[in-house]
A.B. asks: 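There's a structure below that I have some questions on.
So that the names make sense, note that chain A is the first sequence line, chain B the second, and so on, each numbered from 1. Just so it is clear, the values below take in all heavy atoms, side chains as well, and ignore hydrogens, waters and symmetry mates.
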Amino acid sequence: MIQITQVTDVVRKYTDEIGEEDVGKKIRLCGWVHEVRDHGGLVFVILRDREGFIQVTLPKKKVKPEVFKRAKKVHRESVVEVIGTVKAEPKAPGGYEVIPEEFKVLNEADAPLPLDVAEKVPAELDTRLDHRFLDLRKPRVQAIFRIRHCMLQSVRNFLCEEGFIEVNTPKIVSTATEGGTELFPISYFEKEAFLNQSPQLYKQVLMGAGLERVFEIGPIFRAEEHNTVRHLNEAISIDIEASFVDHEGVMRVLEKLVSRVYEDVCEKCEKYLNWLDVKLDVPEVPFERISYDEAIEIASKKGESIPWGEDISTTALKLIAEELPEHYFIVDWPTKSKPFYAMPYEDKPEVCKSFDLMCGYLELASGAQRIHFYDKLVERIRECGMSPESFGFYLEAFKYGMPPHSGWGLGADRLLMSILKLKNIREGVLFPRDRNRLIP
RNA sequence: GCCCGGGUGGUGUAGCCCGGCCUAUCAUGCGGGCCUGUCGAGCCCGCGACUCGGGUUCAAAUCCCGACCCGGGCGCCA
């Protein structure tokens, strides 16, 4: 790694890089004061950086008086730079400690802190989110985002290997695209515009453009006033669209992707999983597939009946999850319960080639084979009570050679939530946006 | 949006049902003191709080009404 700041000739080490080879050598440590344990003539400063902790030990008689004095007075969470000698010490946590010759307070932290980074006293999620930068200093919280990083990298790697091209579509759009969800209106010079609810229409247009396989990882915005542990008003969606592939084809991509993410997280994030005390089992593919009819049958037997054609209620999904606690697909949904672009079966048009990927009761993804015929699409838009005129640029792409195609959208925040069994989706989002939260 | 539960020092809590003994508990933190092997350091001293507005009452953290905020469930959400 490039040493970005060359403050001294002494090499900077992360706390987890210190080992036998460093014993007796001089190193530079940069980080935050996690705790100070002052024994009078002997002071322990626990220094924390991105990768962990190291004990800086200051015996009064073995360090410079000003260094000793500074360490004794330093506040928790102050930023410090320590230059010192590594010593193997069985009594030190981790087996190594650093005896400082320099102890610089680069920036003193105010006291008291708005929340306890050392986690001796818990803080409520709301308090934590109000002071998120401090909350994020907790190793357990940071672990979530290190795993999130790994997850997204895994998704990119996998999709690239499968021949998908990463694209970026606009988030500011002109029309209330697909119906259904509420949109956030914004002003766009003299025009009215909206924040996009999904890249759906654009990724389909890219099928018309002949890119054949695309994916996008980007934000989606939904102005629904939902107030649950699994909904956000700004979320990150992982979307794919693929040409000359049916719904079953993209389901296979999806289940393989999910299993690949688990593999990569297990392999590369052992340390962070340990910090979180999470043990992962890589889910086996293929995932179980049940039809919509079978799903509502299970719910019905457990006392929650869903009229055919309706969406499956949360209560019903929780009952189904009792039978299917892990990953499974619900396939063959009623056409009227899905958006206009889902392809109905030729022989049974009331059912469409669509699917939801579930993890227990949590919906992770939904997708379908799309209608690729212009006339059929216009007909469905009308049937759904919308006006084809408002779909100008989208519909045009279907007139001049649109291949058959399928795709899905997978909620990145939900995927992380399901992997780490987070109780609240906000835990896995740096700065969540919900019905009430716009700051920070 | 609806239903339930809640709002007490910087943080997390006890007290509320059954109003007065609350000058409000405990922990952590913060300030000061002692201490050379801590690892949730220990010991001693100190600091710091009843969400806001109305009402009932001799008396309100406690009961009632309203507002705001939070948590959970549901709804909404392809």
A.B. asks: Would you tell me whether A:Ser78 and A:Glu108 have side-chain atoms, one donor and one acceptor, within less than 3.5 Å of each other?
C.D. replies: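 Checked: A:Ser78/A:Glu108 side chains pair up, N/O donor to acceptor below 3.5 Å.
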A.B. asks: Quantified in whole Å, what is the P atom distance between nucleotide B:G31 and nucleotide B:G19?
C.D. replies: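 Here B:G31 and B:G19 have their P atoms 42 Å from each other.
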A.B. asks: Given that both distances must come in under 3.5 Å, which nucleotide forms a Watson-Crick or G-U wobble pair with B:C58?
C.D. replies: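 Check on B:C58: paired to B:G20, both distances under 3.5 Å.
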A.B. asks: Paired with B:C74: which nucleotide, if any, by Watson-Crick or G-U wobble criteria at under 3.5 Å for both distances?
C.D. replies: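 Paired with B:C74, as far as the under-3.5 Å criterion goes, is B:G1.
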A.B. asks: B:U11 and B:G54: how far apart are their P atoms, nearest whole angstrom?
C.D. replies: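 Comparing P positions in B:U11 and B:G54 gives a spacing of 25 Å.
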A.B. asks: Using the ring-ring contact (aromatic ring centres under 6.0 Å, His included) rule, collect all pairs that involve residues 28-80 of chain A, keeping only residues at least two apart or in two chains.
C.D. replies: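 Every pair satisfying ring-ring contact (aromatic ring centres under 6.0 Å, His included) with a residue in residues 28-80 of chain A: A:His34-A:Phe53, A:His39-A:Phe44.
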A.B. asks: Enumerate the residue pairs fulfilling salt bridge (Lys or Arg N to Asp or Glu O under 4.0 Å) with a member in residues 315-324 of chain A, sequence neighbours excluded, ordered by first and then second residue.
C.D. replies: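 For residues 315-324 of chain A: A:Lys302-A:Glu322, A:Lys302-A:Glu323.
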A.B. asks: Could you list the donor-acceptor pairs under 3.5 angstrom formed between side-chain atoms of residues 118-127 of chain A and any protein atom two or more places apart in sequence or on another chain?
C.D. replies:
{"residue": "A:Lys120", "atom": "NZ", "partner": "A:Glu35", "partner atom": "OE2", "Å": "3.2"}
{"residue": "A:Asp126", "atom": "OD1", "partner": "A:Arg437", "partner atom": "NH2", "Å": "2.7"}

A.B. asks: Taking all heavy atoms of A:Ala295 and all of A:Ile312, pick out the closest pair and write down the distance.
C.D. replies: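 Looking at all heavy atoms of both residues, the shortest contact is CB-CD1, 4.0 Å.
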A.B. asks: Using heavy-atom distances to pick each residue's nearest nucleotide on RNA chain B, tell me which of A:Leu129 and A:Glu363 is more 5'.
C.D. replies: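 Residue closer to the 5' terminus by nearest nucleotide: A:Leu129.
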A.B. asks: Which nucleotide, if any, forms a Watson-Crick or G-U wobble pair with B:G42, using both distances under 3.5 Å?
C.D. replies: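 Result: B:C34.
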A.B. asks: When all nucleic acid strands are considered with a 4.0 Å heavy-atom cut-off, which category describes A:Asn424: base, sugar-phosphate, or nothing?
C.D. replies: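 Sugar-phosphate, backbone atoms only, no base.
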A.B. asks: What string of B, S and - do you get for nucleotides 9-14 of chain B 5' to 3' if you count protein non-hydrogen atoms under 4.0 Å?
C.D. replies: -SBSS-
A.B. asks: Establish, with yes or no, whether the OP1 or OP2 oxygen of B:C76 is under 4.0 angstrom from a side-chain nitrogen or oxygen of A:Asn227.
C.D. replies: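 No, because none of the side-chain N or O atoms of A:Asn227 sits under 4.0 Å from OP1 or OP2 of B:C76.
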A.B. asks: Roughly, in whole Å, what's the span from CZ in A:Arg414 to C1' in B:A78?
C.D. replies: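 My rounded result for the distance is 12 Å.
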A.B. asks: Do any side-chain atoms of residues 136-145 of chain A form donor-acceptor pairs under 3.5 angstrom with protein atoms, and if so which ones, sequence neighbours left out?
C.D. replies:
{"residue": "A:Arg137", "atom": "NH1", "partner": "A:Glu77", "partner atom": "OE1", "Å": "3.0"}
{"residue": "A:Lys138", "atom": "NZ", "partner": "A:Asp135", "partner atom": "OD1", "Å": "2.9"}
{"residue": "A:Gln142", "atom": "NE2", "partner": "A:Leu136", "partner atom": "O", "Å": "2.8"}

A.B. asks: Considering only heavy atoms and no angle criterion, is a donor-acceptor pair shorter than 3.5 Å present between the side chain of A:Ser198 and the base of B:A78?
C.D. replies: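 It does, because a donor-acceptor pair links the side chain of A:Ser198 to the base of B:A78 below 3.5 Å.
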A.B. asks: Quick one about A:Glu20 and A:Tyr96 (side-chain donor to acceptor, distance below 3.5 Å, no hydrogens or angles considered), yes or no?
C.D. replies: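 Short answer, yes.
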A.B. asks: Take atom P in B:U13 and the same atom in B:G75, then report the distance between them in whole Å.
C.D. replies: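 Approximately 29 Å lies between the P atom of B:U13 and that of B:G75.
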A.B. asks: Under 4.0 Å, counting only non-hydrogen atoms across every strand here, what does A:Val229 touch: a base, just sugar-phosphate, or nothing?
C.D. replies: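 Contact class for A:Val229: sugar-phosphate only.
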A.B. asks: Please give the distance between the C1' atoms of B:G6 and B:U51 as a whole number of Å.
C.D. replies: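 Straight-line distance between the two C1' atoms is 12 Å.
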A.B. asks: Can you tell me how far C1' in B:U8 sits from the matching atom in B:C45, rounded to whole Å?
C.D. replies: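 Nearest-Å result for B:U8 against B:C45 at atom C1': 25 Å.
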A.B. asks: Using only heavy-atom distances, determine whether the side chains of A:Trp333 and A:Asp311 contain a donor-acceptor pair under 3.5 Å.
C.D. replies: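 No, A:Asp311 and A:Trp333 have no side-chain donor paired with an acceptor closer than 3.5 Å.
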A.B. asks: Kindly point out which of B:G1, B:C30, B:C76 is positioned nearest to the side chain of A:Glu225?
C.D. replies: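 Closest nucleotide to the A:Glu225 side chain: B:G1.
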A.B. asks: Would you measure the distance from the P atom in B:U62 across to the matching atom in B:G15 and give it in whole Å?
C.D. replies: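 Per the computed distance, 15 Å lies between those P atoms.
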A.B. asks: Roughly how many Å apart are B:G37 and B:G42, using the P atom of each and rounding to a whole number?
C.D. replies: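 Going atom to atom, P in each nucleotide, I get 15 Å.
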A.B. asks: Under 4.0 Å from OP1 or OP2 of B:G73: is there any side-chain N or O of A:His226 that close?
C.D. replies: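 For A:His226, the contact criterion (side-chain N or O under 4.0 Å from OP1 or OP2 of B:G73) is not met.
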A.B. asks: Holding to side chain to side chain donor-acceptor pair (under 3.5 Å), I want the full list of residues that pass it with A:Asn274, two or more places apart in sequence or in another chain.
C.D. replies: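 A:Asn274 satisfies side chain to side chain donor-acceptor pair (under 3.5 Å) with no residue once adjacent residues are dropped.
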A.B. asks: Encode nucleotides 33-43 of chain B as B, S and - characters from 5' to 3', where the letter depends on protein heavy atoms closer than 4.0 Å: B to the base, S only to sugar-phosphate, - to neither.
C.D. replies: --BBBBBSB--
A.B. asks: Counting only Watson-Crick or G-U wobble pairs whose two distances fall under 3.5 Å, which nucleotide matches B:C68?
C.D. replies: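 Here B:C68 is engaged in a pair, and the nucleotide opposite it is B:G7.
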A.B. asks: Please tabulate, one pair per line, all N/O donor-acceptor pairs under 3.5 Å involving side-chain atoms of residues 351-366 of chain A, not counting sequence neighbours.
C.D. replies:
{"residue": "A:Asp356", "atom": "OD1", "partner": "A:Lys338", "partner atom": "NZ", "Å": "2.7"}

A.B. asks: B:C76 C1' sits how many Å from A:Arg230 CZ, rounded?
C.D. replies: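 So the two atoms are 11 Å apart, to the nearest Å.
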A.B. asks: Could I get the full list of side chain to side chain donor-acceptor pair (under 3.5 Å) partners for A:Glu326, not counting sequence neighbours?
C.D. replies: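 Side chain to side chain donor-acceptor pair (under 3.5 Å) list for A:Glu326, sorted by chain: empty.
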A.B. asks: Would you measure the distance from the P atom in B:C4 across to the matching atom in B:G9 and give it in whole Å?
C.D. replies: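 It works out to 26 Å between them.
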